[in-house]
Amino acid sequence: QELGTAKAKLAEVEKQVKDIAKAEHDAATAAPKIGEGMQQGSKGVGIMKIAMEGLESTILPMLALSEAVNLVKQSLDKFDDAQKQTAELNRALHGSASATEELVQNAKALEDVTLFNDDDIRHAEQMLATMGMTKDQIKELSPLILDYAQAMNIDVAQAAERVGKAMQQDAGELQALGIHFDQSASKAERFTIIQNGLAKAVGGSAKAAADAGTGSLQKAQNKFDDIMERFGALINRLIPIRSEEHTSELQSRQYLVCR
């Protein structure tokens, strides 16, 4: 019975993913019309006429299909959270855009092969960067941190915190995995000991969990969340266009009243 329920949920999530993916594709098709409108000037009349044609033929039907209000709110929230998280990661990396983008892509790649979503992975990367780890160290350790979180049944942030503290102080709770080092060990030595210790004790745990049981259900949900985040980005770009339409309409009415 539990297997049947899980399969039903998976089918539902996959349908949602397909619906939103189609809507996202349709929205992208509207982009040339929207862009054409945005290039026509600052007064708003020509802009909104062309932009709204694109919206009415693509975005609006999709919103009706996917329960518009809820979808827009959730999508904008996901987009906003991701943007703020990426900004925090960039701050922790001292404003390095290339390092930030590399770790953002690293999080996405790890999401594809584990049960963890890229938001949680980015947050762990930001924690490690704040604790003084380099971009390369973070990339090397992040898969093992996911393995550790999976094996110990803890969240990614908690796993990252334990590993980060071990790099700065002593092995702490990692000692339960047989990871030990002397207080006089350098940071480079600690990194190597932690990396080898995690690989030996829990290496491969995250991928194994993702490939077992109903792991595909969680992976599908993560993909659905990613699509909603991208849809939120699209809506965020369209909000100024709607605002401009409203302003233009008010200005037109004021002009007519003054005449």
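FYI, side chains are in, hydrogens and waters are out, and symmetry mates aren't considered; it's all heavy atoms of this structure. Because the structure is a prediction, the values reported are computed rather than measured.
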May I ask you to test the [X]-[Y] pair for a side-chain heavy-atom distance under 4.5 Å?
| X | Y | result |
| --- | --- | --- |
| S75 | I235 | no |
| L128 | I145 | yes |
| K78 | D225 | yes |
| F79 | L234 | no |

Residue pair [X] / [Y]: nearest heavy atoms and the distance that separates them:
| X | Y | answer |
| --- | --- | --- |
| F181 | A171 | CZ-N, 3.6 Å |
| V104 | E125 | N-OE1, 4.3 Å |
| N117 | D120 | OD1-N, 2.8 Å |
| L76 | G232 | CD2-O, 3.5 Å |
| A107 | R122 | CB-CG, 3.8 Å |
| G164 | M131 | CA-SD, 3.2 Å |

Contacts of type side-chain hydrogen bond (donor to acceptor under 3.5 Å, both in side chains), residue [X], not counting sequence neighbours:
| X | answer |
| --- | --- |
| D81 | none |
| T100 | N90 |
| K139 | E102 |
| D80 | K84 |

To the nearest 0.5 Å, tell me how far [X] [atom1] sits from [Y] [atom2].
| X | Y | atom1 | atom2 | value |
| --- | --- | --- | --- | --- |
| K135 | N106 | NZ | CG | 10.0 Å |
| K73 | M228 | NZ | CE | 10.0 Å |
| I193 | L174 | CD1 | CG | 11.5 Å |
| T114 | Q150 | OG1 | CD | 8.0 Å |
| D112 | D226 | CG | CG | 8.0 Å |

Please answer whether the main-chain N or O of [Y] pairs with a side-chain N or O of [X] as donor and acceptor at a distance below 3.5 Å.
| X | Y | answer |
| --- | --- | --- |
| Q85 | D119 | yes |
| S205 | V202 | yes |
| R190 | A185 | yes |

Report, one line per pair, each donor and acceptor closer than 3.5 Å where one atom sits in a side chain of residues 194-201; sequence neighbours left out.
from : atom 1 : to   : atom 2 : distance (Å)
Q195 : NE2    : E140 : OE1    : 3.0
N196 : ND2    : T192 : O      : 3.3

Residues two or more places apart in sequence or in another chain: which of them pass side-chain contact (heavy atoms from CB on, under 4.5 Å) with [X]?
| X | value |
| --- | --- |
| Q105 | E101, K108 |
| A208 | none |
| Q137 | M133, T134, M167, F191 |
| E88 | R91, Q126 |

**Study point:** Pair K219-D211, side-chain contact (heavy atoms from CB on, under 4.5 Å): steps then yes or no
**Key:** CA-CA 10 Å; K219 289 170 77 173; D211 293 339; 4.3 Å; yes

Check your understanding: L110 and D118: side-chain contact (heavy atoms from CB on, under 4.5 Å), yes or no, with the steps?
Key -> CA-CA 7 Å; L110 290 173; D118 62 340; over 6 Å; no

Hydrophobic clustering (ILVMFWY, side-chain heavy atoms < 4.5 Å, transitive) - are [Y] and [X] grouped together?
| X | Y | value |
| --- | --- | --- |
| L146 | I138 | yes |
| L89 | F116 | yes |
| L144 | I154 | yes |

Practice item. Take I227 and R230 through the side-chain contact (heavy atoms from CB on, under 4.5 Å) test and state the conclusion after the steps. Key: CA-CA 5 Å; I227 291 171; R230 293 199 298 273; 3.4 Å; yes

Listing request: all salt bridge (charged side-chain N to carboxylate O under 4.0 Å, His left out) pairs with a residue in [range], at least two apart in sequence or in separate chains.
| range | answer |
| --- | --- |
| residues 143-154 | none |
| residues 149-159 | none |
| residues 159-182 | E161-K165, R162-E173 |

